[in-house]
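Structure first, commentary second.
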Amino acid sequence: MVKLYGSPTSTCTRLVALICKEKNIPYELIQVNLAKGEQKAASFTAIQPFGQVPYIDDDGFILYESRAIARYLIKKYPNQGTPLIPSDPKAQALFEQAASIEVFNFTNSVQPIVFEKVFKPRFGLQPNEERVGEALKTLQEKLDVYEVILSKQKYLAGDFLTLADLTHLPYGTAFYTNGFAEVFDSRPNLARWWKDISNRPAWLAVKDGA
Ligand SMILES: N[C@@H](CCC(=O)N[C@@H](CS)C(=O)NCC(=O)O)C(=O)O
């Protein structure tokens, strides 16, 4: 069974758990206590040199970086669960385009907002509102483009769901549920897409406790 080293509340661990559920891959979550700094222990960085979760141990094969893990698991189990990466070269290229959009046009802006407005307050720290304002401005511009794309097709890579849609869920949910729902809801096609992906049973199961 795949061993998933991570934290049930960590966004990146949740992505891997989500993919396991979408692909019906049994996995064992081995909890790493981030608050205690277990990810920085020498025994941990010997495996994940950046001192971050998640990583997987698949029968001795070690892999870190949540998106790389997701791709590996999807390719290893092509014939079970939801097909999340197309095999046709053109469809795959459109998937890669969407995957790149997610990293650079979505998560790059959403991540600092979640960090400032959700994670920092948990540790009694004040958010840097200037940083939030700048990231939100950039995000809104990018989401206007999402709205155009999603007015023409069901998902980010076309009319088929891919990993590139699902990678929006961990940070997107932390953003949406912590005071920013209107940012998505005010754009009808984006809102329709978000409602679709965020209500997938696999995601509901993960966000309510990986
Ligand atoms: N690009 C990495 C990012 C990993 C990452 O940022 N992990 C966070 C949790 S979501 C973490 O381990 N934070 C604790 C730390 O950096 O010490 C991935 O996708 O796996």
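Counting starts at 1 for both ligands and their atoms, following the listed order. From a predicted model like this one, the values you see are computed outputs, not experimental measurements. FYI, side chains are in, hydrogens and waters are out, and symmetry mates aren't considered; it's all heavy atoms of this structure.
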>> Under the criterion ring pair (Phe, Tyr, Trp, His ring centres under 6.0 Å), I'd like the reasoning laid out for Phe106 against Tyr171: C-alpha separation, chi angles, the key distance, then a yes or no.
In response: CA-CA 9 Å; Phe106 184 84; Tyr171 273 109; 8.8 Å; no

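Which parts of ligand 1 touch Pro54 is read off a 4.0 Å heavy-atom cut-off, strictly below it: atoms 20 (O). Heavy-atom contacts of Thr11 reach the following atoms of ligand 1: 10 (S) (cutoff under 4.0 Å). Set against the non-hydrogen atoms of Ser10, the atoms of ligand 1 under 4.0 Å away are 9 (C), 10 (S).
Between the side chains of Asn24 and Tyr77, no donor-acceptor pair of N or O atoms lies under 3.5 Å. Side-chain N/O atoms of Tyr155 and Asp196 include a donor and acceptor closer than 3.5 Å. Side-chain polar atoms of His168 and Tyr176 form no donor-acceptor pair below 3.5 angstrom.
Distance from atom 10 (S) of ligand 1 to its nearest protein heavy atom, with residue and atom name: Cys12 SG, 3.1 Å. When only non-hydrogen protein atoms are considered, atom 8 (C) of ligand 1 lies nearest to Val53 O, 3.9 Å. Given atom 19 (O) of ligand 1, the protein heavy atom at minimum distance is Ser66 OG, 2.6 Å.
In the hydrophobic clustering of ILVMFWY residues, with side-chain heavy atoms under 4.5 Å counting as a link, Val53 and Leu18 come out apart.
At least one N/O-N/O distance between Glu65 and ligand 1 falls below 3.5 Å.
Remark: among candidates Arg14, Gln39, Gln52, Lys40, the nearest residue to atom 14 (C) of ligand 1 is Gln39, based on non-hydrogen atoms.
Counting non-hydrogen atoms of other residues, nucleotides and ligands closer than 6.0 Å to CG of Asn33 gives a total above 12.
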